[in-house]
Amino acid sequence: MKNQTFNLLKKEIKLGNTVQSMCWLICCFGMFFIPSYPSYIGPFYLTLCIMMTFALNQSSHDILYTVLLPVRKIDTVKARFLYCGLIEIFALVLAIIPFVLHRLLPFPENRAGIPLNIAFFGLQLIVFAVFNFIFLGNVYKNPLKPGLRFILAAIGYFATYALCEVPVWAYFSMSSKLKAGEIIELPALALFGSKLYNMDSALVTQFEVLVIGILIFAASWFITFRRAARQFEKYDL
């Protein structure tokens, strides 16, 4: 069974949306170098890759041909999930390069939201988890019609992105007073935002957010996979 999943994963990589995925990965990588640009926007384009994988497979009848092979339906879902998960994880691994460069070189401050720091990786995993739960957790009700599910998942992506940025925006609203030298006590939300934004003074908090993000992403991945597998078993091709 493991060999079946691995062979199906190789099929996804070789025959799927690989070229487009590589192009969007490069764009995502480049967006991390744009001054004062929202850090979550680049990874969003990878969700388009995931949606396009289903859309292109629809036109090529990939799902129909795959289930005609001597493989289980659950292995088909597992291979597609692994492919989507690899795209998301690889994008964050690739982001380590600009993260290191931002630490070593004098890049301007990101005033559009959270910068590329340790907390960002954890929060981005949470944003991916919400997208996966909405899109991958529902698309197998009818994998030939991914458009509506993607719209709902995109809304969920940006809603979660906004919630993750609220503490940072609250900190920005108070930072002008801090720069003016006023002695003020930051509200709890703004104080948490300062810890998300300023890595050097809140390294412990940053790692805590990263660990929480990893746990949420991993747990949601398995929950979403089981949900999608049940849906696909019921789907009548």
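Nothing fancy with the numbering, it's 1 onward along the sequence. In what follows, every heavy atom counts, from backbone to side chain, and hydrogens, waters and symmetry copies are set aside.
Side-chain contact check for L125 versus I89: some heavy-atom pair is nearer than 4.5 Å. Side-chain contact check for S194 versus M174: every heavy-atom pair is 4.5 Å or farther apart. Between I118 and L203, some side-chain heavy-atom pair lies under the 4.5 Å cut-off. Using a 4.5 Å heavy-atom cutoff, the side chains of V127 and C164 are in contact. Taking 4.5 Å as the limit, some side-chain heavy atom of I50 sits within range of a side-chain heavy atom of L136. Contact annotation: the side chain of R80 approaches that of F54 to within less than 4.5 Å [non-hydrogen atoms, C-beta and beyond]. Between T53 and C84 there is no side-chain heavy-atom pair separated by less than 4.5 Å. In this structure, I114 and N110 have side chains that are not in contact, with every pair of non-hydrogen atoms separated by 4.5 Å or more.
Ring pair F99/F120: centre-to-centre distance not below 6.0 Å. A centroid separation of 6.0 Å or more is found between the aromatic rings of F90 and F29. The distance between the ring centers of F33 and Y37 does not fall below 6.0 angstrom. For Y197 and F172, the gap between ring centers is short of 6.0 Å.
For the atom pair CG of L48 and SG of C27, the computed distance is 11.0 Å after rounding to the nearest 0.5 Å. A distance of 6.5 Å separates CG of L25 from SG of C49, quoted to the nearest 0.5 Å. In this structure, S36 OG and F107 CZ are separated by 12.5 Å, a value rounded to the nearest 0.5 Å. N7 CG to K10 NZ: the interatomic distance, rounded to the nearest 0.5 Å, is 5.0 Å. For the atom pair K78 NZ and T76 OG1, the distance stands at 11.0 Å (nearest 0.5 Å). In this structure, CD on Q206 lies 10.5 Å from CZ on F121, to the nearest 0.5 angstrom.
The backbone N or O of F32 sits less than 3.5 Å from a side-chain atom of H102, completing a donor-acceptor pair. Proximity of a side-chain donor or acceptor of N198 to a complementary backbone N or O of D200 within less than 3.5 Å is not detected.
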Can you list the steps and then say if L196 with Y171 is a side-chain contact (heavy atoms from CB on, under 4.5 Å)? CA-CA 9 Å; L196 293 179; Y171 168 64; over 6 Å; no

When you look at N138 and F133, which way does the side-chain contact (heavy atoms from CB on, under 4.5 Å) test go after all the steps? CA-CA 8 Å; N138 290 286; F133 184 78; 5.9 Å; no

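I87 is connected to M22 through a chain of hydrophobic side-chain contacts under 4.5 Å among Ile, Leu, Val, Met, Phe, Trp and Tyr, so both are in one cluster. The hydrophobic cluster containing F217 does not contain V211, counting ILVMFWY residues as joined when their side-chain heavy atoms lie under 4.5 angstrom apart, directly or transitively. Taking hydrophobic clusters as Ile, Leu, Val, Met, Phe, Trp and Tyr residues chained together by side-chain heavy-atom distances below 4.5 Å, I216 shares a cluster with I214. One hydrophobic cluster, built from ILVMFWY side chains closer than 4.5 Å, holds both V100 and M31. Cluster membership for I96 and M199, using ILVMFWY side-chain heavy atoms within less than 4.5 angstrom, is shared.
The minimum heavy-atom distance linking W221 with G85 is given by the pair NE1-CA, 4.3 Å. A pairwise comparison of heavy atoms in N132 and E88 identifies OD1-OE2, 2.7 Å as the closest pair. Between G113 and V168, the shortest heavy-atom contact is C-CG1, 3.9 Å. Here the closest non-hydrogen pair linking S220 and A129 is OG-CB, 3.2 Å. Nearest heavy-atom pair, A119 versus V209, reported as atom, atom and distance to 0.1 Å: O-CG1, 3.6 Å. G213 and I126 make their closest contact through CA-CG1, 3.8 Å (heavy atoms, listed as atom of the first residue, atom of the second, distance).
Listed by first then second residue, pairs satisfying side chain to side chain donor-acceptor pair (under 3.5 Å) with a partner in residues 148-162 read Q124-Y157, not counting sequence neighbours.
Ring pair F81/F225 is perpendicular by interplanar angle, where above 60° counts as perpendicular and below 30° as parallel.
Side-chain atoms of Q231 and N142 include no donor-acceptor pair closer than 3.5 Å.
Judged by a 6.0 Å distance limit and a 45° cone about the ring axis, R227 is not positioned over the six-membered ring of F232.
Enclosure of atom CZ in F158 by more than 12 non-hydrogen atoms of other residues, nucleotides or ligands within 6.0 angstrom is indicated.
The side chain to side chain contact (heavy atoms under 4.5 Å, CB included) test with T47 is passed by exactly one of W24, F135, F128: F128.
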